[in-house]
There are 2 protein chains.
Amino acid sequence: MSKSRPNCTSLDIARAAGTSRATVSRVLNGTNGHISISEETRARVLRVAAEMGYAPNAAARQLRMRRAQAIGLILPPSRYRRPGQPGTFGLAQFLGGIIDAGDSTEYNIMLAPGTSPERAVQMLHGKQVDGLLVIHPLETDPYIRGLLAAGAPVVSMCQMPAEVPVSWVDFDNVGGARAAVLHLAQRGHRRIAFICGMAGTMVSSLRIRGYREALDLAGISFQEDLVVSAPEPTRTPQGAAALRQLLRLPEPPTAVFCYRDQLAFGVLLAAREAGLRVPQDLAVVGFDDDPASAHQDPPLTTVRADFFGAGREAAMLLIDLIEERTLGPASKLLPTELIVRDST
Amino acid sequence: MSKSRPNCTSLDIARAAGTSRATVSRVLNGTNGHISISEETRARVLRVAAEMGYAPNAAARQLRMRRAQAIGLILPPSRYRRPGQPGTFGLAQFLGGIIDAGDSTEYNIMLAPGTSPERAVQMLHGKQVDGLLVIHPLETDPYIRGLLAAGAPVVSMCQMPAEVPVSWVDFDNVGGARAAVLHLAQRGHRRIAFICGMAGTMVSSLRIRGYREALDLAGISFQEDLVVSAPEPTRTPQGAAALRQLLRLPEPPTAVFCYRDQLAFGVLLAAREAGLRVPQDLAVVGFDDDPASAHQDPPLTTVRADFFGAGREAAMLLIDLIEERTLGPASKLLPTELIVRDST
DNA sequence: CCTCTCTGTGTACACGTGTTCAGAGCGCCA
DNA sequence: TGGCGCTCTGAACACGTGTACACAGAGAGG
């Protein structure tokens, strides 16, 4: 293993190799233009650089190139940042995909500080990052528009309405929900409830659209009181409470489609509590394919969403926008897959 | 809202304010030395800077100050980066705490690329980050030692053996495990099994130490066959398999302490499958206080670990080392808390 | 022999900032 | 009026890099 010299500039390499700094730079970056370098000089420079453990100063390079070679990642503050608030398994997967994209493109990933768009815009203006990746913006409009106003590439990891001129990558929320509800209809269910998330969020309204499309296709009429909204955070206890509310109806549902697996876990608990057998008395479907879903009692039927792939695709799209291989707002919808287990 | 000018240098501010660049820098950074600035000039500069939405160029500042004002975060590749591999809830909490620390100290957080220490060392030498935070190093020795060889501040988020000269922050694994097992002994259990993680990892060996200490204190003799190792990944199915193995013993245990909550979930499933009532026939304790633990059937007794606080403390320690407020390897052990629920 | 192309190298500048140092203006005292 | 201290400002440099440009040498064609 070569001795690593912490402070070692390209001038040091040039001196040690008996050449000039310009030649060192040309050899290491390969950007000769139309200029060529003798094979002997190139080999000598490479050898010396490796021996001295040379690493180019990132700040100097960024300053010269007017590019940070980095993307900023804006995590959803409300869900992941408060102490005691659990994160969904999706975050780790998103991160994995994003880092994977960064690895293969030589881009660095920087976590954006603060909870308001101002700090993120500062990062852009300060040329600390070349673009921003926003995971699940909650207060969609003002936040995203604030970022777009800075005039830099932005990709949202959540499908956005067409009138917001932003690029995004997401799974097919509508199609996934439709498939889940159609599956229930095919098993003979006519009273299918939907436990949705906070009203007004994009994901929630997309999944409810899929729910309604499936009802239409199956010839089932939409009933207001079969749709209940679980308050944030949409987790296990909220799912249990939502089912209890549904069971108080004069004609309770025989099947429940949940906006998220975590809600479905609560539904399973509350069903057992109420003496209902799953799936005989009540069928349950979730959304996400949380790894815990396969280990519920009974194992949960759900819609699989590829978080890792979405993270990777979103980062790739952002980098394409930065390097202007893609122009203007672009979007990508990833397919989802219905995973049938024993809860239906 | 002020019109944000994307490219706007301190020279622009100086010209607009009718002064020089040096004065602008002095006003904005406050570092006058013994020099003072007239109140009128200061106000004019601040107003112009705000109007033009000035953000200092990060690269230029870093180059001048010889400091990146950023820390690198090394995520455990094996657990979080592969597609399909779920992350533990702890990661989101860790990140929350780390970002929180970054917010309050004006440090940025950069995700380290690659899976080998080389790329991380490059980040250090290239002055892209001032220090590294390592989450759960798996192949402890070579990895950490490789980072330390670079001569930069490093903090591990996992307790390390004393002979490795690295700083670390962790919860009290020994104390948490001891408390959990003592709790079982106090409830009258004498045959207490331990389902541990992969042999050789630091966390696993610390928790088994706590287990043995508790047995000693309770006057129970250690029995080899009551300790089973769940293979990686230590999740629900592995927990179920471990319990099945324990139940095949001539004298099966009446209580099980699990290295992680995820394993305990599997134990609960397998117990129900075997017709055992929890806690009457089998008592179960986990470790982590995963948010799902409270919603198991029955709710799981477990050891709460403050991941958010650990992330925050680790980042703070790293920043103290960078700014040389703390010298040499330092370490911090955070307390754990036994949460008694219905599984014991 | 002169000019012209081609190859390989080095010099010099720009990127935007923080900070040192010299100096301008001004009031005060001898 | 000259000298001196005090307050505030601006010119100049360094940080380490990528690259446009000039240049030296050599070979070839007129």
Side-chain angles (χ1 to χ4, degrees), chain A residues 5-45 48-49 52-69 106 122-128 130, chain B residues 5-45 48-49 52-69 106 122-128 130:
Chain A
R5 219 63 60 83
N7 293 326
C8 157
T9 156
S10 67
L11 185 57
D12 298 334
I13 307 296
R15 276 204 266 259
T19 176
S20 82
R21 220 174 44 72
T23 303
V24 170
S25 174
R26 282 192 279 255
V27 168
L28 295 181
N29 294 302
T31 64
N32 316 321
H34 58 294
I35 300 179
S36 58
I37 294 189
S38 74
E39 199 46 51
E40 187 216 335
T41 308
R42 150 172 283 116
R44 195 172 60 245
V45 168
V48 171
M52 300 181 65
Y54 170 70
N57 182 299
R61 175 175 252 162
Q62 285 173 27
L63 182 58
R64 184 61 177 83
M65 305 303 279
R66 321 185 69 113
R67 183 160 287 184
Q69 205 74 5
E106 302 276 323
Q122 290 266 325
M123 287 180 70
L124 281 174
H125 284 179
K127 305 269 181 224
Q128 214 154 13
D130 303 315
Chain B
R5 219 62 61 79
N7 292 327
C8 156
T9 156
S10 67
L11 185 57
D12 298 334
I13 307 295
R15 277 204 265 259
T19 177
S20 84
R21 219 172 47 68
T23 303
V24 170
S25 173
R26 281 194 279 255
V27 169
L28 295 181
N29 294 303
T31 66
N32 315 320
H34 58 292
I35 300 180
S36 59
I37 295 187
S38 75
E39 200 45 51
E40 188 217 332
T41 308
R42 151 173 284 117
R44 195 171 61 244
V45 167
V48 171
M52 300 181 67
Y54 170 70
N57 183 299
R61 176 173 253 164
Q62 284 173 29
L63 182 58
R64 184 62 178 81
M65 306 302 278
R66 320 185 72 114
R67 182 161 286 186
Q69 204 73 3
E106 302 276 322
Q122 290 266 324
M123 286 179 72
L124 281 175
H125 284 180
K127 305 269 180 222
Q128 215 154 14
D130 303 315

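Quantities reported herein were computed from a predicted structural model and do not represent experimental measurements.
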- Message: Distance check, rounded to the nearest 0.5 Å: A/R15 atom CZ versus A/L11 atom CG?
- Response: 4.0 Å
- Message: Measuring to OP1 and OP2 of D/dT17, would you say a side-chain N or O of A/N57 lies under 4.0 angstrom away?
- Response: no
- Point-to-point distance, once rounded to the nearest 0.5 Å, from CD1 of B/I13 to CZ of B/R44: 12.5 Å
- A/R61 CZ to C/dA14 C1': how many Å, rounded? 17 Å
- Of all the nucleotides listed (D/dT17, D/dG10, C/dG10), which has the minimum atom distance to the side chain of A/T19? C/dG10
- Query: B/I13 CD1 to C/dG16 P: how many Å, rounded?
  - Reply: 13 Å
- Side-chain-base donor-acceptor pair under 3.5 Å for B/R26 and D/dG10: yes
- Query: Among the nucleotides C/dG10, D/dG16, C/dT19, which one has an atom lying closest to any side-chain atom of B/A22?
  - Reply: C/dT19
- Message: Starting the side chain at C-beta, find the nucleotide from C/dT11, D/dG16, D/dT9 nearest to B/S38.
- Response: D/dT9
- Would one find a side-chain N or O of B/R66 under 4.0 angstrom from OP1 or OP2 of D/dG16? yes
- Message: What's the separation between atom OG1 in A/T19 and atom CZ in A/R26, rounded to the nearest 0.5 Å?
- Response: 8.5 Å
- Length of the line joining A/Q128:CD and C/dT17:P, which is rounded to integer Å: 13 Å
- B/S20 vs D/dA11: side-chain N/O to OP1/OP2 distance below 4.0 Å: no
- Query: Counting side-chain heavy atoms from C-beta on, which of C/dG18, D/dG18, C/dG16 comes nearest to B/S25?
  - Reply: C/dG18
- Message: What's the separation between atom OG1 in B/T23 and atom CZ in B/R42, rounded to the nearest 0.5 Å?
- Response: 11.0 Å
- Please give, in whole Å, the distance from D/dG16 P to A/M52 CE? 13 Å
- Note on the structure: B/L63 CG to D/dG18 C1', in whole Å, measures 13 Å
- Message: Quick check on D/dG10: is either OP1 or OP2 less than 4.0 Å from any side-chain nitrogen or oxygen of B/T23?
- Response: yes
- Message: Just to be sure I understand the rule, does A/R21 reach a base, reach only the sugar-phosphate, or reach nothing, if contact means heavy atoms closer than 4.0 Å?
- Response: base
- Per side chain to side chain contact (heavy atoms under 4.5 Å, CB included), A/D130 is matched among A/R66, A/M123, A/R67 by A/R67
- Look at the side-chain N and O atoms of A/Y54 and state whether any lies under 4.0 Å from the OP1 or OP2 oxygen of D/dT17. yes
- Task: Figure out the CE/C1' separation between A/M65 and D/dG18, and round it to whole Å.
- Result: 6 Å
- Item | Value in whole Å for how far the P atom of D/dT17 lies from CZ of A/R67 | 20 Å
- Query: How many Å lie between NZ on A/K127 and P on C/dA14, as a whole number?
  - Reply: 19 Å
